[in-house]
2 protein chains.
Amino acid sequence: MTERATAYRRDGLHGQLVHDLGRQIVTGELPVGAPLPTEEQLGKVYGSGRSAVREATKVLVAKGLVVSKRKVGTIVQPETAWSLLDPDVLAWRYENDPTALHLDHLAEMRVVLEPEAARLAARTKDRTVVRAIQESYHRMEETLDDPDAFIVHDLAFHRAVVEAGGNDLLVHLHSVMEVALAAARQVHTRNVRRNKRTLPAHRAVLDAIVAKDADQASALMREVVTGAAHDIRRDRRTR
Amino acid sequence: MTERATAYRRDGLHGQLVHDLGRQIVTGELPVGAPLPTEEQLGKVYGSGRSAVREATKVLVAKGLVVSKRKVGTIVQPETAWSLLDPDVLAWRYENDPTALHLDHLAEMRVVLEPEAARLAARTKDRTVVRAIQESYHRMEETLDDPDAFIVHDLAFHRAVVEAGGNDLLVHLHSVMEVALAAARQVHTRNVRRNKRTLPAHRAVLDAIVAKDADQASALMREVVTGAAHDIRRDRRTR
DNA sequence: TGTAGACCTTTCGTCAGACAAAAGCATCAA
DNA sequence: TTGATGCTTTTGTCTGACGAAAGGTCTACA
């Protein structure tokens, strides 16, 4: 089993600082163009020394959230400069009141990724990765009445498909999207009826992959993820 | 015009350290599982103090390349932990002898992204972004005999399409891929004949977007990028 | 009055030295 | 053999210091 994209560890003083400042920036509490407090001030506020503050801001610089200049200070960068695909940035965005637009973008990304991933999976010659997909599917069947478990296996199914494609970049991108998905808890609605409806669609994808019918696998996967996107939108309206 | 994904600035002492160490890790000069020299040693080697070294390693930690533990040292992480979609990591990988497999993955990513981006573009209601695509296309026409200029406008065309989709995440992902593409110089072959061949295909994509025919736009864009992927493979064989 | 240049101040960039804390390792005892 | 104890190494953090860049101010001169 491949690992998930990993977030910056929250332990240690500077880890805390990174998350605190990062969240404030991404949520707009610290507005674009504004300077952070000086290193000395931050040190005082957080009861830490300058070194910890500096190590934290260096990480934020690496994520494109700020730039530092002598005498000017460290300035919050415009959103276009942010590393949106960084697991932390994504988590900060999606765990703090993501807008409807942001959720749509997330769903769109799945529509971008997964059909093509299914196509690649159908072309693979490695039978073991296909078996991983099958196993996840069977677990979905078995846990049809246990929504929480179902979600886990549903995610595993999609991940297995992407991994079967054998493309590093794609696998990584997918794992990053999972982080965002997990942060935006609302996306996973526990709904047995809906699960019963989507199960056959997953089955169809699996069969197409096993049959090595790439076009079909892609088209069917497209159905699955666009269906999920519509569900998200519907949930939003009816709430 | 939106900005590109931005790489970590190479200036300053720690900037230099980040790039030096990062490159060594991604190229495998520093093998997975091995410890970096101690902070003290690195400081001596680079003629710097410990603070600069520490700020650099913090950035590498943020990119998932290493982890630090007391007494153990700073250890190179397995590739599955790397932030492959980080502009720096990508550049380090693709500017230092990218393998054939890596280049294929890059091309595949374009096939993943761009057709769906074209579909979204065809659905947009904002006419100005469509005009941006048109302008890029016309520049391509005009510079058909100047391969270097053609590449620039070709890239601008594809970028304009992605931006027309209006999805932050997608735009960012595309800009990151551009970084990799730029790092792997070999990908842009200057070939007037080939450009003459692909121009009508681009035109067809443009027309479909203008006509708001989403399915058609997607299918045609798929042609364009799979064609490019094949060209890359062919170039490799004939060299 | 307007402008160029010298100066002053703020803030990040870096160094040096110190101690704390974790974690491996060796040593010693039961 | 096993388990506890203490030693040592390496990162984590603090403090204090100085350098360098960049904005602001003031003065001298045209």
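Order of the sequence lines sets the chain letters (A, B, ...), proteins ahead of strands, with each chain counted from 1. Atom set for the values below is all heavy atoms of this structure, side chains included, hydrogens, waters and symmetry mates excluded. Predicted model only: the values in this text are computed from it and were never measured.
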Holding to side chain to side chain donor-acceptor pair (under 3.5 Å), I want the full list of residues that pass it with [X], two or more places apart in sequence or in another chain.
| X | answer |
| --- | --- |
| A:E39 | A:R50, A:R54 |
| B:D154 | B:H158, B:H202 |
| A:Y46 | A:D20 |
| B:D146 | none |

Pull out every residue in [range] that has a heavy atom closer than 4.0 Å to any atom of DNA chain C, ordered by number, or say none.
| range | value |
| --- | --- |
| residues 64-76 of chain B | B:R70, B:K71 |
| residues 34-48 of chain B | B:G47, B:S48 |
| residues 52-63 of chain B | B:A52 |
| residues 7-24 of chain B | B:G12, B:L13, B:H14 |

### Task
Using chain A heavy atoms and a threshold of under 4.0 Å, write down where along DNA chain C the contacts begin and end, 5' to 3'.
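Endpoints of the contacted stretch of DNA chain C: C:dT9 to C:dT14.
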Output side-chain donor-acceptor pairs under 3.5 Å for residues 131-139 of chain A, partner residues at least two apart or in another chain, one line each.
from, atom 1, to, atom 2, distance (Å)
A:S136, OG, A:A132, O, 3.3
A:Y137, OH, A:E141, OE2, 3.3
A:H138, ND1, A:Q134, O, 3.3

What side-chain donor-acceptor pairs closer than 3.5 Å can you find for residues 164-171 of chain B, not counting sequence neighbours?
from, atom 1, to, atom 2, distance (Å)
B:N167, OD1, B:L169, N, 2.9
B:N167, OD1, B:L170, N, 3.4
B:N167, ND2, A:H105, O, 3.2
B:N167, ND2, A:E108, OE1, 2.8

### Message
List the residues meeting side-chain contact (heavy atoms from CB on, under 4.5 Å) with B:A107, not counting sequence neighbours, and say none if there are none.
### Response
B:A229, B:I232
